[in-house]
> 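Have a look at this one before I ask anything.
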Amino acid sequence: MNLRDIFTAESIAANFTEAASNTIPYFGAGLFPPAKKQGLDLKWIKGHRGLAVSLAPSNFDSKSKFRDRVGVQIAETEMAFFRESMLVKEADEQEIMRVQDSNDPYAAHVLEHIYDDTATLINGADVVPERMRMQLLAPIGGNMGISIVAADTEGKPVNYTYNYDPDGTWKAEHYMQIVTADDKWSAAATCDPMKDLEAALDAQEQAAGNRPEIALMSKPTFNLIKNSAKVRSGVLAQNTTANVNYTSKKVQEYVEEELNIKLVIYTKKFKDESGATKAFYPDNIIALLPNGAIGKTYYGTTPEERTLMGDTNADVSIVNTGVAVTVTTTTDPVNTKTTVSEIVLPSFEGMDNMYVLEVA
């Protein structure tokens, strides 16, 4: 499709309606604040504190007993690399001039959206770390890790798969799956979400000594809570009026008050490499989290930052901590290329402070 197809009276108004999901902030950015490091190797230390252990009793004048250190693991891996470009060709430049000379009052606004290549690519770069963070916060089947598999421009497979729990120790103490049919939250008449959430909170406190303050879930998962007959009875029992409007707000307030936890219902979406629309946080799974950072989003040094930063033939800038934006222009033909690249991977030092409940 060229600009002549886009700029018709019927299409101008409909071309760039902002998707509502785009205005929702990235929830994972607060839990995994950004950090920069050189190169692309990532090392991070995962230490399990757990509950405090009492000092051993001792006699006077006897030697002290040596205590073993709580297990500390050093995770080391190579961070993932992402890069994409957009091109403004000579024919595009001619069409841009034609549109700018037109009398259509909407032309400049629509044109700005079409050729804001930098914003388009940076927005795509921001999707990557949030996608990774949400995979860590929603380990399906208790498999803690990240998996992004696609093909490069030559059709060669690119497989970024990272296992954050290779020995299964996190899953053994911080993950629970509801398997009985009557207990699954999809069984509205018999399930008991409040009991399950409290059991998960207790299990996390037993395992690591901290009681989560946030419950992260999707809207369909929240609806399972709302549809539960036992939750409905609990909400209505708190209201003495004859006619009670059973709303999502009342359900959320009930859960938060009873369990002393804040519900975060995350509905932000993205499009994957195939163009399919997906939710960042999947259905039927809940992450019980502390209030504060539990890891970092590390950015490495991209080839553009390392090699082209001082090149007079390229305009290179770094945004969002570690995303490199490179603009180059060729003279024969006259084309302007915008390239955005990043080397990124989250660390997860605080994974033992999180508990995950899979409900259906």
Side-chain angles (χ1 to χ4, degrees), residues 27-28 31-32 42-56 67-77 132-147 161-180 183-185 191-218 221 225 255 258-264 266 281-296 345-360:
F27 181 72
L31 297 171
F32 298 82
L42 177 62
K43 293 181 181 179
W44 53 277
I45 297 175
K46 172 183 172 289
H48 177 73
R49 288 182 182 272
L51 297 173
V53 179
S54 173
L55 283 180
R67 176 182 291 202
D68 292 333
R69 296 187 183 278
V70 175
V72 174
Q73 297 176 335
I74 299 178
E76 181 175 359
T77 189
M132 292 177 165
R133 295 183 294 242
M134 289 302 124
Q135 286 189 22
L136 292 178
L137 297 179
I140 306 299
N143 300 313
M144 175 66 70
I146 293 170
S147 179
T161 301
Y162 302 89
N163 187 351
Y164 281 61
D165 185 33
D167 58 2
T169 55
W170 177 87
K171 180 178 179 179
E173 292 192 334
H174 303 274
Y175 169 81
M176 179 170 63
Q177 183 177 22
I178 300 173
V179 294
T180 305
D183 293 335
K184 289 186 176 184
W185 291 11
C191 70
D192 193 344
M194 298 296 286
K195 183 185 76 172
D196 295 331
L197 285 169
E198 188 163 26
L201 292 168
D202 291 344
Q204 174 60 26
E205 191 168 22
Q206 177 71 22
N210 71 298
R211 195 167 186 86
E213 301 177 53
I214 296 169
L216 173 66
M217 67 190 72
S218 69
T221 304
I225 299 176
V255 175
E258 290 292 313
L259 297 177
N260 193 26
I261 196 167
K262 178 184 167 125
L263 302 190
V264 174
Y266 195 40
Y281 201 78
D283 299 336
N284 303 326
I285 195 164
I286 296 172
L288 300 173
L289 303 161
N291 186 15
I294 52 177
K296 292 182 179 178
L345 194 69
S347 65
F348 205 175
E349 295 88 344
M351 61 190 289
D352 286 336
N353 294 324
M354 177 184 78
Y355 198 94
V356 170
L357 179 64
E358 200 158 347
V359 302

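Keep in mind that this is a model prediction, so the values were computed, not measured.
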> Rounded to the nearest 0.5 Å, how far apart are CD of Glu198 and CG of Asp192?
9.5 Å

> For residues 283-291, please give each side-chain donor-acceptor pair under 3.5 Å, one per line with the distance, not counting sequence neighbours.
unit_1: Asp283; atom_1: OD1; unit_2: Ser218; atom_2: OG; d: 2.7

> Working to the nearest 0.5 Å, report the span between CZ of Arg211 and CG of Leu201.
4.5 Å

> Which heavy-atom pair separates Thr221 from Val359 by the least distance, and what is that distance?
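Scanning both residues completely, I find the closest heavy atoms to be CG2-CG2, 4.3 Å.
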
> Set out, in order, the CA-CA distance, both residues' side-chain angles and the distance that settles side-chain contact (heavy atoms from CB on, under 4.5 Å) for Asp352 and Asn210, then state yes or no.
CA-CA 10 Å; Asp352 286 336; Asn210 71 298; over 6 Å; no

> Just verifying a value: how many Å separate Phe348 CZ and Asp165 CG, rounded to the nearest 0.5 Å?
10.5 Å

> Taking only residues two or more places apart in sequence or in another chain, which ones pass side-chain contact (heavy atoms from CB on, under 4.5 Å) with Asn143?
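If we apply the side-chain contact (heavy atoms from CB on, under 4.5 Å) test to Asn143, skipping adjacent residues, the hits are Lys171.
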
> For the atom pair CE (Met144) and CE (Met351), what is the distance rounded to the nearest 0.5 Å?
4.5 Å

> Show the numbers, then the answer: is there a side-chain contact (heavy atoms from CB on, under 4.5 Å) between Ile261 and Leu197?
CA-CA 10 Å; Ile261 196 167; Leu197 285 169; over 6 Å; no

> Restricting to non-hydrogen atoms, name the atom on Tyr355 and the atom on Glu173 that form the minimum distance, rounded to 0.1 Å.
CE1-O, 3.4 Å

> Is any side-chain heavy atom of Pro346 less than 4.5 Å from a side-chain heavy atom of Tyr164?
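Contact flag for Pro346/Tyr164 side chains = yes.
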
> With rounding to the nearest 0.5 angstrom, report the CG to CD distance, Asn260 to Glu213.
8.0 Å

> Mind listing the closest non-hydrogen atom pair of Tyr281 and Ala138 along with its distance?
CE1-CB, 3.5 Å

> What heavy-atom pair brings His174 and Ala207 nearest, and what distance separates the two atoms?
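In terms of heavy atoms, the two residues are closest at CE1-CB, 4.0 Å.
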
> Using the rule given for side-chain contact (heavy atoms from CB on, under 4.5 Å), can you reason through Leu137 versus Leu31, listing the C-alpha separation, both sets of side-chain angles and the distance that settles it, and then say yes or no?
CA-CA 10 Å; Leu137 297 179; Leu31 297 171; 3.7 Å; yes

> Is it true that the side chains of Tyr175 and Glu358 contain a donor and an acceptor less than 3.5 Å apart?
yes

> What are the two closest non-hydrogen atoms of Met176 and Asp196, and how far apart are they?
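Nearest heavy atoms, Met176 then Asp196: CE-O, 4.0 Å.
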
> To the nearest 0.5 Å, tell me how far Met132 CE sits from Phe32 CZ.
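Separation between the atoms: 12.0 Å.
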
> Is the closest side-chain heavy-atom distance between Trp185 and Leu357 below 4.5 Å?
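Yes, side chains in contact.
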
> Indicate the atoms forming the closest heavy-atom contact of Trp170 with Pro139, along with that distance.
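Here Trp170 and Pro139 meet closest at CH2-CG, 3.7 Å.
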
> Using the side-chain contact (heavy atoms from CB on, under 4.5 Å) criterion, which residues pair with Lys262? Sequence neighbours excluded.
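Only Glu256, Val264 meet the side-chain contact (heavy atoms from CB on, under 4.5 Å) criterion with Lys262.
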
